[in-house]
There are 2 protein chains.
Amino acid sequence: MSATIKDIARKVGVAPSTVSRVLSGKSKYYTPETEKKVKQAVEELGYKKNQAAVELVKKQSNVIAAVVSSVKTNFAGEIIDGIQAEASKNGYNLIVVYSGSADTEEQKKALLTVIERPVMGVLLLSIALSEDNLKLLDESNTPYCFLSMGFDDDRPFVSSDDEIIGYTATKYLIEHGHRKIGLVGLDKYPYTGRLRTAGYTRALLENGITPKQSWLEYGDYSYVAGELAMKKFGKDTEITGVVAASDLTAIGILNQARNFGLRVPQDLSIISIDGTEMCKIVQPQLTSISQNFYEMGVIGVRQIEQRVKTLNKTFESQCLVPIKISERQSVFCIE
Amino acid sequence: MSATIKDIARKVGVAPSTVSRVLSGKSKYYTPETEKKVKQAVEELGYKKNQAAVELVKKQSNVIAAVVSSVKTNFAGEIIDGIQAEASKNGYNLIVVYSGSADTEEQKKALLTVIERPVMGVLLLSIALSEDNLKLLDESNTPYCFLSMGFDDDRPFVSSDDEIIGYTATKYLIEHGHRKIGLVGLDKYPYTGRLRTAGYTRALLENGITPKQSWLEYGDYSYVAGELAMKKFGKDTEITGVVAASDLTAIGILNQARNFGLRVPQDLSIISIDGTEMCKIVQPQLTSISQNFYEMGVIGVRQIEQRVKTLNKTFESQCLVPIKISERQSVFCIE
DNA sequence: TTGAAAGCGCTAACAC
DNA sequence: GTGTTAGCGCTTTCAA
């Protein structure tokens, strides 16, 4: 097995504690001389710190864990980038574990691999935890924060304002002359889908438009959801503009519309929600409501930091990061 | 802090070792009665195992670590899926850490967060380690295996046969009547780029075509690399077909060609390498040489297993997984 | 079947 | 500055 500080201590002729001090850089407590000898022995023996031992005695570590609902969500990467950057800046390490979004058992496994060791905090990316798993998380006393996910109660999260997203997207279409506007791919019940739908409805109503049931196609934010919805709308739909639940959904709509022989945006305008790189690689490029995923990651790390420092669960912990409209080529002004 | 086995032991009125036995399911060494009492106490106290302590004494864990070169590579997700599935099947847990591909310091940090604790093995996804970091990895005595990455020496890896990839892609174009064939987006020096170029050249030569320097545009597998190369080729290029280093590169070529007013595939055929989902969401859908990334992940886990079990570094450890051609819509037969 | 005791590799008082 | 000591939470002999 690997060398330990004892081995080094023996080799150099000092006490293990001295080695420990050198290795932890407590520079007030050793001479440059010992430092040099120790460092050299470390090199020769190929010594590697055993973090398990360190964490056991210190009861805290500098690793932040991110639990991600699925490998495929295309914005997860941007959030992780943000987490990584901010973590790195502060000397923390990041580990991420993946978990099927739906399966409770898998969620639990992912959660356990993370909270069964002394991590400094856990960030949960757009993952809807079951009741049991939520309880698990609470009991673990590990600081945590949800990202790209909201709650009605007082759980800590950082996300975008989904009502505003729905509202802004719809309003944008209305301002471009659209009156018959579809909403596609949202899930019906949870927080996000509900709020976005509410925003959509508010925008319509405020502008004297009565929402029609047939304009609404729920789904799972996927490419296929977009395709399917467009098929249902049909080639001769009265709809002139549609709000898509995600970039992928928007592309599904786009391709299916094209297959119908519809021109985008002349015959059908599309505005998508998310604003990931995908918007820029399809033609026409997708106009989108862009979320600042990177920033969510950054703030998430800060939330964990706060919680570690203050040990105070009651400070303000729900945070909404601003969105913006990225005008590209998929919305047509029909005035 | 969290409850420990001592707390449970005290509460139930048994020794810590007994609690440990129950928790580890060594069912020969306790009565159902004690089991029940212990389990109940665990529940009431919200006890959570401290893996740091377990790993310290057992000196091994059931977590496999994956080091990924960047969040953005779009095939990393497929490899991770494969790893996850196989790991899960065998009761291992997966953690992944991200590392900038280029920066040596970042690589080192990523590597250390992983090998400084007793992981059972580490999988490195298409990451080119510096000499120092390679040494670090070797010294750690942790079993490892590179994925989607090859070597000339005897380091363990599982990958596709890059020479065959280059050859097959080029041959496919030739069989469809193309004689002037571009190669775009590969990096010039390392293993992958060199081999694919070799395969490309062999296919050309075997068919009596003399490769031209101007058909070759190196790059970094990115979208922009594709765009740039196409710009260099120009609107009036003699090239009728091109092999793209990655799906993203292919899309870059596609869009730039379109901007030139070229029709794909009638005026320009494109075959891309990788075959991720991206190929299916652009129009026309991209014909590709598809790599079996999922399988790479699966095999990677098995490699780690082998190495743990046999403790034998010398067994066959370089593995090539077969590729296939996915015919879609971006190659035109000009015969 | 259970308990007592040792020890994994490390850090953190405390004494010198 | 450095050594000695205790102990983090757990598993694992060894006895009983």
Side-chain angles (χ1 to χ4, degrees), chain A residues 1-39 41-42 45-63 112 115-120 140-142, chain B residues 1-39 41-42 45-63 112 115-120 140-142:
Chain A
M1 206 48 192
S2 235
T4 73
I5 46 170
K6 275 192 194 166
D7 299 323
I8 299 184
R10 201 173 318 123
K11 178 157 182 160
V12 178
V14 295
S17 47
T18 301
V19 177
S20 168
R21 285 189 273 252
V22 173
L23 263 28
S24 319
K26 302 203 187 319
S27 47
K28 293 197 171 105
Y29 304 111
Y30 55 82
T31 57
E33 226 173 314
T34 22
E35 173 177 8
K36 207 177 132 210
K37 285 193 288 187
V38 167
K39 289 260 170 87
V42 163
L45 267 40
Y47 168 81
K48 228 128 268 141
K49 199 174 247 186
N50 183 332
Q51 284 293 355
V54 176
E55 284 163 9
L56 181 56
V57 37
K58 295 228 249 191
K59 282 157 150 232
Q60 49 130 309
S61 79
N62 66 335
V63 351
L112 281 180
I115 60 180
E116 279 191 346
R117 55 203 83 221
V119 295
M120 90 177 257
S140 78
N141 288 322
T142 311
Chain B
M1 206 48 192
S2 236
T4 72
I5 46 169
K6 275 191 193 166
D7 299 324
I8 299 183
R10 201 172 320 123
K11 177 154 184 165
V12 178
V14 296
S17 45
T18 302
V19 176
S20 169
R21 286 188 272 253
V22 173
L23 261 28
S24 317
K26 302 205 187 318
S27 46
K28 294 200 171 98
Y29 303 112
Y30 54 82
T31 56
E33 224 173 316
T34 21
E35 174 177 6
K36 204 176 138 210
K37 284 192 288 185
V38 167
K39 290 260 171 85
V42 163
L45 266 40
Y47 168 81
K48 228 129 271 143
K49 198 173 251 187
N50 183 333
Q51 283 294 354
V54 175
E55 285 163 9
L56 182 57
V57 35
K58 296 228 249 189
K59 282 155 151 235
Q60 49 129 309
S61 79
N62 67 336
V63 352
L112 281 178
I115 60 179
E116 280 190 346
R117 56 202 82 222
V119 295
M120 90 178 257
S140 78
N141 289 321
T142 312

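In what follows, every chain begins at residue 1, and chains take the letters A, B, ... in the order their sequences are listed.
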Whole angstrom value for the distance that separates P of C:dT1 from CD of B:Glu35:
13 Å
Could you state the CG-C1' distance from A:Leu45 to C:dG9, rounded to the nearest angstrom?
15 Å
Could you check which of C:dG3, D:dT11, D:dC10 has an atom nearest any side-chain atom of B:Tyr47?
D:dC10
Ranking A:Lys6 and A:Lys49 by the position along DNA chain C of their nearest nucleotide, the one closer to 5' is A:Lys6
Between CD on residue B:Glu55 and CG on residue A:Leu56, distance to nearest 0.5 Å
11.0 Å
Grab the CZ-C1' distance between A:Arg117 and D:dC8 for me, whole Å please.
16 Å
Within this structure, what is the OG-CD1 distance for the pair A:Ser17 and A:Ile5, rounded to the nearest 0.5 Å?
8.0 Å
If you look at every strand shown and take non-hydrogen atoms under 4.0 Å, does A:Thr4 touch a base, only sugar-phosphate, or nothing?
sugar-phosphate
In this structure, CD1 of A:Ile115 is separated from NZ of B:Lys49 (nearest 0.5 Å) by 14.0 Å
Side-chain N or O of B:Lys48 closer than 4.0 Å to phosphate OP1/OP2 of D:dG9
no
Within this structure, what is the NZ-OG1 distance for the pair A:Lys39 and A:Thr34, rounded to the nearest 0.5 Å?
10.5 Å
Listed nucleotide nearest any side-chain atom of A:Ser20, set C:dT11, D:dC10, C:dA4
C:dT11
Among D:dC10, C:dC8, C:dT11, which nucleotide has an atom closest to any side-chain atom of B:Leu56?
C:dC8
May I have the distance from A:Asn62 (atom CG) to C:dT11 (atom P), rounded to whole angstrom?
13 Å
Quick check for you: among D:dT13, D:dT2, C:dT11, whose closest atom lies nearest to any side-chain atom of B:Arg21?
D:dT13
Is there a donor-acceptor pair closer than 3.5 Å between any side-chain N or O of A:Thr4 and the backbone N or O of A:Lys6?
yes
If you find the nucleotide of DNA chain C closest to A:Pro16 and the one closest to B:Ala53, which residue's nucleotide is nearer the 5' end?
B:Ala53
Counting just side-chain N and O atoms, does A:Thr18 come under 4.0 Å of either OP1 or OP2 of D:dG3?
yes
Over how many whole Å does the gap from B:Ile5 atom CD1 to D:dC10 atom C1' extend?
5 Å
Check this one for me: any side-chain N or O of B:Thr34 less than 4.0 Å away from OP1 or OP2 of C:dT2?
yes
Of the candidate nucleotides D:dT12, C:dA13, D:dG9, which contains the atom at the shortest distance from the side chain of B:Lys26?
D:dT12
When the distance from CZ of A:Arg10 to P of D:dG3 is rounded to whole Å, what number comes out?
14 Å
Once you round to the nearest 0.5 Å, how far does OG of A:Ser24 lie from OH of A:Tyr30?
8.5 Å
What is the distance, rounded to the nearest whole Å, between atom CG of A:Asp7 and atom C1' of C:dC10?
13 Å
Just call it for A:Tyr29: base, sugar-phosphate, or nothing, with non-hydrogen atoms closer than 4.0 Å on any strand.
base
To the nearest angstrom, how far is B:Gln60 atom CD from C:dG9 atom C1'?
16 Å
Answer with base, sugar-phosphate or nothing: what part of the nucleic acid does A:Ser17 contact at a heavy-atom distance below 4.0 Å?
base
